[in-house]
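In what follows, chains carry the letters A, B, and so on, assigned in the order in which the sequence lines appear, proteins first and then strands, with residues in each chain numbered from 1. Only this structure's heavy atoms are used, side chains among them; waters, hydrogens and symmetry mates stay out.
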There are 2 protein chains.
Amino acid sequence: MSIRYAILGFLSWKPHTGYELKKVFADALSFHWSGNNNQIYGTLVDLHKAEAVTIEVQQQEKLPARKVYTITAKGRAELRDWTCSDPELPVQRSMALTQLAWAEGLSEAEFDGILSAYARKLGDQVLMYRETLARNRAAPRRSPREELIWRSLDEHAVAFYERELEWAESLRTAAAALGPGDAEREALRLRGREGGLYDSNYHE
Amino acid sequence: MSIRYAILGFLSWKPHTGYELKKVFADALSFHWSGNNNQIYGTLVDLHKAEAVTIEVQQQEKLPARKVYTITAKGRAELRDWTCSDPELPVQRSMALTQLAWAEGLSEAEFDGILSAYARKLGDQVLMYRETLARNRAAPRRSPREELIWRSLDEHAVAFYERELEWAESLRTAAAALGPGDAEREALRLRGREGGLYDSNYHE
DNA sequence: CAAAGCATGTAAGCAGTTACATGATTGT
DNA sequence: ACAATCATGTAACTGCTTACATGCTTTG
């Protein structure tokens, strides 16, 4: 899925300029795009080519001209078709989880270090999201259903980070409870016989 | 983050061929990459250029030759540095959530349709994951800590889809409880005055 | 006088995808 | 006969990112 339909969606709510769309994406909690220029201005050109939007250039006295994009009937039809199309499964991309997967070489302290750094970042993110939610942001509220959906999406976005945080903390506790970590065990092993209790036991 | 470190990670566990890595990524629950040829074979070439891996070509009688990749000390060092580096926040990309955000134009039945299609897909995915988990797959178990981490990552991956499923079902229930949907309200509005109760109330 | 806001756009590149290409062997 | 497994690789493309480029106005 591309940003095309997200932009078309915002335009279906009300006309926007490219600059406004940038801010909308930067503020949004439930839309994962960064809102960089290349994508937004480029997609707007594409949408115009496809006759999904019209452009109105508004000259301003002291500020640069604004290009206000308005959705057309064709654009609304395209958006509607897309919203009805078969939804894909969501994907979670996480650098931290891959780091943890390959943490075997790290000491107990280093391992706890990544987990706590991750937990701290997640905690900050949750706080930031909670603040943003408290500042009742601009969002379409054209019907009780739409209001419900947007509130639900916002809460879902925060909950995602909260669950991640809980998971990180629980793994941290569980790892701490394991007792002597790798570094310590390694020292013990070197003083004992080679080929420890816990070597690779891969089987096809 | 690129697939580079995920590949390096699997090689740090034990040597693999490109073909084996493909299967490993296809089976994995906690690694989000598709494991397509271009990425795997390309990255292996890069890793070899960087002297992070060595190649051993094994000729076979009846089958094509295998290139077995083994991690070097340099490769281990690179992986170790990366695992200690500052973790990034995870990102959730979801087509379905964007569809729901712009579902205003849809009837109650159509809206329920996307939600139920989404829920069904999520349910299937959860079942598939549970099955995969039951077939105790090949995974590194070099220490109790590593075993704990991998089990925890697997459970986390399933839980992600389970939470998503719960959320979808709860939104579905809440939307159904709202009473007369858009289509019905629209009909009522057309018979009444223009400018309904729930028009856009955007404020900067 | 520096920083932030307004407003448009472009260049270069990374990461990832599907689909194509080859070709022998084994199983249904 | 058709499909799957083994095993390597390439081509073309999409989506998204950071950073650059311009220039005027308002705020601290």
For this session: Tell me, please, whether B:Phe111 has A:Arg145 positioned over its six-membered ring: NZ or CZ under 6.0 Å from the ring centre and within 45 degrees of its axis?
Result: yes
Exercise. For A:Lys67, which contact category applies under a 4.0 Å heavy-atom criterion: base, sugar-phosphate, or nothing?
Worked result: sugar-phosphate
For this session: Classify the nucleic acid contact of A:Gly18 as base, sugar-phosphate or nothing, counting any heavy atom under 4.0 Å across all strands shown.
Result: sugar-phosphate
Seminar exercise, completed: Atom CD of B:Glu56 and atom C1' of D:dT8 are separated, to the nearest Å, by 17 Å
Exercise. Picking from C:dG9, C:dG16, D:dA7, which would you name as closest to the side chain of B:Arg66?
Worked result: D:dA7
Exercise. Do the charged groups of B:Arg4 and B:Glu78 touch, with an N to O distance under 4.0 Å?
Worked result: yes
Exercise. So does A:Glu110 pair up with B:Arg80, basic N to acidic O under 4.0 Å?
Worked result: yes
Exercise. Within the structure, does a side-chain N or O atom of A:Lys23 lie under 4.0 Å from either OP1 or OP2 of C:dC6?
Worked result: yes
For this session: Report yes if a side-chain nitrogen or oxygen of B:Ser34 is closer than 4.0 Å to either non-bridging phosphate oxygen (OP1 or OP2) of C:dT17; otherwise report no.
Result: yes
Seminar exercise, completed: Once base and sugar-phosphate atoms are separated, protein heavy atoms under 4.0 Å mark nucleotides 20-28 of chain D, 5' to 3', with B, S and - as ---BSSS--
For this session: Starting at atom CZ of B:Arg93, determine the distance to atom C1' of D:dT14, rounded to an integer number of angstrom.
Result: 12 Å
Problem set entry | Interatomic distance where CD1 belongs to B:Ile40 and P belongs to C:dA15 [whole Å] | 15 Å
Problem set entry | Candidate nucleotides D:dT8, C:dT8, C:dG16, ranked by approach to the side chain of B:Ser2 - the nearest | C:dG16
Exercise. Counting just side-chain N and O atoms, does B:Gln60 come under 4.0 Å of either OP1 or OP2 of D:dA7?
Worked result: yes
For this session: Please report the C-alpha distance between A:Gln99 and B:Tyr5 in whole Å, then the side-chain angles of each, then the deciding distance to 0.1 Å, and finally whether the side chain to side chain donor-acceptor pair (under 3.5 Å) criterion is met.
Result: CA-CA 8 Å; A:Gln99 284 177 302; B:Tyr5 301 101; over 6 Å; no
For this session: Please state how far atom CG in B:Asp46 lies from atom C1' in D:dG9, giving the value in whole angstrom units.
Result: 14 Å
Problem set entry | Non-neighbouring partners of B:Tyr129 that pass ring-ring contact (aromatic ring centres under 6.0 Å, His included), sequence neighbours left out | B:Tyr161
For this session: Measure from CD on B:Gln59 to C1' on D:dC6 and round the result to the nearest Å.
Result: 14 Å
For this session: Give the rounded distance in Å between these two atoms: CD of B:Glu88 and P of D:dT18.
Result: 10 Å
Exercise. According to a strict under-4.0 Å criterion, is B:Tyr19 in side-chain N/O contact with OP1 or OP2 of D:dT8?
Worked result: no
Exercise. Roughly, in whole Å, what's the span from CG in A:Leu21 to C1' in C:dG9?
Worked result: 15 Å
Problem set entry | Whole angstrom value for the distance that separates C1' of C:dT10 from CG of A:Leu44 | 15 Å
For this session: Take A:Lys121 and B:Glu88 through the salt bridge (charged side-chain N to carboxylate O under 4.0 Å, His left out) test and state the conclusion after the steps.
Result: CA-CA 8 Å; A:Lys121 267 204 176 166; B:Glu88 284 163 20; over 6 Å; no
Exercise. Which residues satisfy the side chain to side chain contact (heavy atoms under 4.5 Å, CB included) test with A:Arg172, sequence neighbours excluded?
Worked result: A:Asp112, A:Leu115, A:Ser116, A:Glu169
Seminar exercise, completed: Of B:Asp27, B:Asn36, B:Asn37, the one forming a side chain to side chain contact (heavy atoms under 4.5 Å, CB included) with B:Lys22 is B:Asn37
For this session: Kindly say if A:Gln39 contacts the phosphate of D:dG15, meaning a side-chain N or O under 4.0 Å from OP1 or OP2.
Result: no
For this session: On DNA chain D, check which nucleotide each of B:Asn36 and B:Tyr41 is closest to and give me the residue with the more 5' one.
Result: B:Tyr41
